[in-house]
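Notes to accompany the following structure.
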Amino acid sequence: MEVALESNAFFMGIEYLAIFCSGLMGGLCAVKKNYDVFAMVITAWLTALGGGIIRDVMLGSLPPVGIADKGFVLTALVSGLAVAVFHPEVDKLKWSMLTLDALSVGLFAVNGTSKAILMGTSGMTAAFMGMFTALGGGLVRDMLLNDVPLVIRDKHWYAIPSAVGCILTVLVMKGAQAGVVDFTGEVILDSAIVVIVVALRLLSVKFDITFPGAMKRSEAFLPSQPKYLPRPVIHPDAGERDTAREERDGRR
């Protein structure tokens with residue numbers, strides 16, 4: 001079976017564009033570190049295709065598409081060469097590159113999850129494979145450049161949209177395998193999932209939507225410390241002693 005979005009020439013073109021733009025973003029990180037052209041090309045290739053390589057190795061689909069698909073590999077390498085020349089323009093196109101980066105995350109999440117399902121994995125495993133595909137390249141890039149990974153550094157929604165996309169893709173794929181969703185419906189639903197991922201990512205950046213951090217607290221409650229007021233000790237004969245005390249007080 002073929003991944004739905006890869007069966008359409010239009011979506012394949014978008015995937016090549018996503019790979020190219022991911023490579024530009026990766027190569028730009030090497031430019032900002034003042035590395036040479038070779039480092040830019042390698043960084044671009046790993047950013048664009050590193051997630052797919054991780055996915056294929058974990059699924060046992062060898063050789064990985066990141067080194068086997070000539071079109072994908074050449075696209076990633078060319079993006080590294082391009083950013084060496086056009087890095088000022090790439091750096092200025094913030095929203096355009098942000099949108100294309102979100103598009104690549106959505107496409108990689110859907111395609112990675114779909115491929116894992118088609119190879120017979122469980123839904124949970126497929127969702128993780130989709131997230132590895134979408135986020136693994138950036139993770140490898142940041143580790144290679146000795147940076148805190150963007151998936152942790154960026155406080156806006158980055159991993160969350162990809163997780164949502166992977167979970168929705170699992171549901172669509174399960175529906176397709178059960179015969180509830182036909183092939184055309186699968187393509188439409190997968191496209192809608194990509195749109196949802198892109199929208200969640202862009203909205204979080206546009207409106208500065210983030211998840212809260214740790215709860216602020218000034219006091220710690222430990223097992224060795226009393227948390228409540230001590231209870232009074234009540235003896236079984238306390239009532240009789242109270243009565244005797246009242247009688248003595250009355251005689252006085």
Side-chain angles (χ1 to χ4, degrees), residues 5 11 13-33 40 43-44 46-52 54-55 75-76 79-80 82-83 86-113 127-169 189-216:
L5 293 185
F11 288 109
I14 293 180
E15 186 166 14
Y16 275 101
L17 178 62
I19 291 172
F20 185 79
C21 292
S22 294
L24 289 179
M25 297 295 287
L28 185 62
C29 294
V31 171
K32 292 181 177 180
K33 293 279 188 177
M40 296 174 200
T43 306
L46 285 174
T47 305
L49 301 176
I54 295 173
R55 175 203 62 206
T75 301
S79 69
V83 80
F86 300 108
H87 58 90
E89 290 78 10
V90 174
D91 196 26
K92 293 291 184 181
L93 297 174
K94 176 185 176 182
W95 278 101
S96 298
M97 298 307 299
L98 185 67
T99 302
L100 291 172
D101 180 65
L103 180 63
S104 67
V105 169
L107 284 169
F108 294 158
V110 171
N111 282 354
T113 305
F128 277 111
M129 292 298 105
M131 291 192 67
F132 287 145
T133 308
L135 307 175
L139 182 64
V140 173
R141 173 201 65 208
D142 293 336
M143 293 175 63
L144 183 67
L145 298 180
N146 198 28
D147 288 331
V148 177
L150 182 64
V151 67
I152 298 174
R153 185 174 72 246
D154 193 341
K155 293 183 179 180
H156 299 109
W157 294 353
Y158 192 68
I160 295 299
S162 67
V164 171
C166 293
I167 293 171
L168 293 176
T169 303
L189 291 174
D190 284 348
S191 305
I193 292 171
V194 174
V195 172
I196 291 173
V197 173
V198 174
L200 288 175
R201 171 62 174 161
L202 295 183
L203 287 173
S204 70
V205 176
K206 176 67 175 179
F207 297 103
D208 195 24
I209 303 173
T210 61
F211 278 106
M215 182 185 301
K216 292 184 178 180

To the nearest 0.5 Å, how far apart are [atom1] in [X] and [atom2] in [Y]?
| X | Y | atom1 | atom2 | value |
| --- | --- | --- | --- | --- |
| F108 | L49 | CZ | CG | 7.0 Å |
| L202 | T99 | CG | OG1 | 4.5 Å |
| L189 | L168 | CG | CG | 9.5 Å |
| I209 | L200 | CD1 | CG | 9.0 Å |
| L107 | D190 | CG | CG | 10.0 Å |
| I167 | S162 | CD1 | OG | 9.5 Å |

Contact check, side chains of [X] and [Y], non-hydrogen atoms, under 4.5 Å:
| X | Y | answer |
| --- | --- | --- |
| S104 | D101 | yes |
| V197 | V110 | no |
| F20 | L100 | no |
| R201 | V105 | no |

Quick check: closest heavy atoms across [X] and [Y], and the distance to 0.1 Å?
| X | Y | result |
| --- | --- | --- |
| A48 | G23 | CB-N, 3.9 Å |
| I160 | F211 | CG1-CE1, 3.4 Å |
| M97 | V90 | CG-O, 3.7 Å |
| D208 | H156 | OD1-NE2, 2.8 Å |
| V83 | V31 | O-CG2, 4.1 Å |

Sequence neighbours excluded and cut-off under 3.5 Å, please list the side-chain donor-acceptor pairs for residues 128-137, or say none.
| from | atom 1 | to | atom 2 | distance (Å) |
| --- | --- | --- | --- | --- |
| T133 | OG1 | M129 | O | 2.7 |

ask   = Could you walk me through whether F86 and L24 pass the side-chain contact (heavy atoms from CB on, under 4.5 Å) check?
value = CA-CA 9 Å; F86 300 108; L24 289 179; over 6 Å; no
query = Can you tell me if S79 uses its side chain to pair, donor with acceptor, with the backbone of A76 under 3.5 Å?
reply = yes
List, one per line, each side-chain donor-acceptor pair under 3.5 Å for residues 141-151, sequence neighbours excluded.
| from | atom 1 | to | atom 2 | distance (Å) |
| --- | --- | --- | --- | --- |
| D142 | OD2 | L150 | N | 2.7 |
| D147 | OD1 | K33 | NZ | 3.0 |

